[in-house]
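All remarks here apply to the structure that follows.
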Number of protein chains: 2
Amino acid sequence: MPAPQKPRLDALTVEVVELIGDVVARFYEDYEEAAGEHALTGAQARLLSLLSLEPLPMRKLARKLKCEPSNVTGIVDRLESRGLVERRPDPADRRVKLAAATDEGLRVARELREGLRFARAPLAGLSDEERLSLRDLLQRMLNA
Amino acid sequence: MPAPQKPRLDALTVEVVELIGDVVARFYEDYEEAAGEHALTGAQARLLSLLSLEPLPMRKLARKLKCEPSNVTGIVDRLESRGLVERRPDPADRRVKLAAATDEGLRVARELREGLRFARAPLAGLSDEERLSLRDLLQRMLNA
DNA sequence: CACAAATGCTTCAGTAACTGAAACAACCAT
DNA sequence: ATGGTTGTTTCAGTTACTGAAGCATTTGTG
């Protein structure tokens, strides 16, 4: 049996990466499902969630969603036609249109947030101490 | 200061959920970017990754990708037209078409896997012991 | 101040991902 | 055999997305 060849990725790392992949898949599924329960697509739900915090200009939405502004136009159009979002003029700059959640939009956004099963259930199996350590590990991953 | 009202979600849980959201976003971005470097869309990359393990019938692909079989037809079409995937008859059932990665497809799938920056870099900041504990916490989350 | 460059949004054309219904072939059970 | 089920594709229709073009407004520069 030859000595191991210093692999690019050791078995443990591979395992953790796969687990993260599983978490990502579960989270995404859950999100899409919660969105679907409100007859929203994933993109619409993400945009609405952003707007539930504060109104945003279209170009900023595009940056947050990592897509072209021309794309945002369509997503906001569809949400607007359902009365969940409205466009307001920006008093400071007449070029800008601020997209803002309507009252109904805020309500749906809240329900959406509360409908995320995965966000609650599986964490329930962890003790406070474990959550702390999970938090620290995730933070360090993200800031690496 | 009033006693806390047993909130639905305590602050720590919320924090962890948000971190998971961040991890999900980073992972997704990274995956899409790696796919883009090979001129693949996310859906194509996911399908090709599945096929890099073993050939699969269309209906099974649909189940793994959680979409309709009619959708898989198109994704496989596009990959096939680029020579990354081929359709083979299933000797056991003449209705079935097995989608299989070509040699070129396997090569691209391997490069894709290796191109996942997020999978490597940030994990590098964790000690083996920390990876073990991260692994255990993630496993418990997923199995809850 | 004038005016050119930059910025913000929309529109348009084109592609990909997706759904659901319909069609067809092959399988399978009675 | 025949009738129901299964696996795939095709089709029509929606959404998400990109990139180019266009229009309006703002901003920076001489």
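Within every chain, numbering begins at 1; the chains are lettered A, B, ... in the order of the sequence lines, protein sequences first and strands thereafter. Computed from a predicted model, the values in this text were never measured in an experiment.
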Query raised in the report: Where do A:Arg87 and A:Asp77 land on the salt bridge (charged side-chain N to carboxylate O under 4.0 Å, His left out) test, with the steps shown first?
Result: CA-CA 9 Å; A:Arg87 284 173 165 92; A:Asp77 280 352; 3.0 Å; yes
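Mapping heavy-atom proximity under 4.0 Å, the span of DNA chain D touched by chain B runs 5' to 3' from D:dT6 to D:dT10. With a cutoff of under 4.0 Å to any heavy atom of chain B, the contacted region of DNA chain C is bounded 5' to 3' by C:dA16 to C:dC27.
Applying a 4.0 Å cut-off to non-hydrogen atoms, the residues of residues 89-97 of chain B that approach DNA chain C are B:Asp93, B:Arg94, B:Arg95, listed by residue number. In the region residues 45-76 of chain B, proximity to DNA chain D at under 4.0 angstrom, judged on heavy atoms, holds for B:Pro57, B:Met58, B:Arg59, B:Pro69, B:Ser70, B:Thr73.
Between the CZ atom in A:Arg135 and the CG atom in B:Leu19 there is a gap of 8.0 Å [rounded to 0.5 Å]. Note that CD of B:Glu15 and CD of A:Gln139 are 6.0 Å apart. Values are rounded to the nearest 0.5 Å. Annotation: the span from A:Leu106 atom CG to A:Leu84 atom CG amounts to 10.0 Å, rounded to 0.5 Å. Separation of atoms CD (A:Glu32) and CZ (A:Arg46) is listed at 6.0 Å; rounding is to 0.5 Å. Here CZ of A:Arg82 is found 5.0 Å from CG of A:Leu40. Values are rounded to the nearest 0.5 Å.
With contacts defined as side-chain heavy-atom distances shorter than 4.5 Å, the pair A:Leu61/A:Leu51 qualifies. Between B:Glu104 and B:Val108 the shortest side-chain heavy-atom distance falls below 4.5 Å.
In terms of the side-chain contact (heavy atoms from CB on, under 4.5 Å) criterion, residue partners of A:Arg78 (sequence neighbours excluded) are, by chain and number, A:Gln44, A:Ile75. Residues meeting the salt bridge (charged side-chain N to carboxylate O under 4.0 Å, His left out) test with A:Asp90, sequence neighbours left out: none.
Taking both residues in full, the closest heavy atoms of B:Ser133 and A:Leu137 are given as OG-CD1, 3.3 Å, listed atom of the first, atom of the second, then distance.
Ion pairing between a basic and an acidic side chain is recognised when a charged N comes within 4.0 Å of a carboxylate O; B:Glu29 and B:Arg26 show no such pairing.
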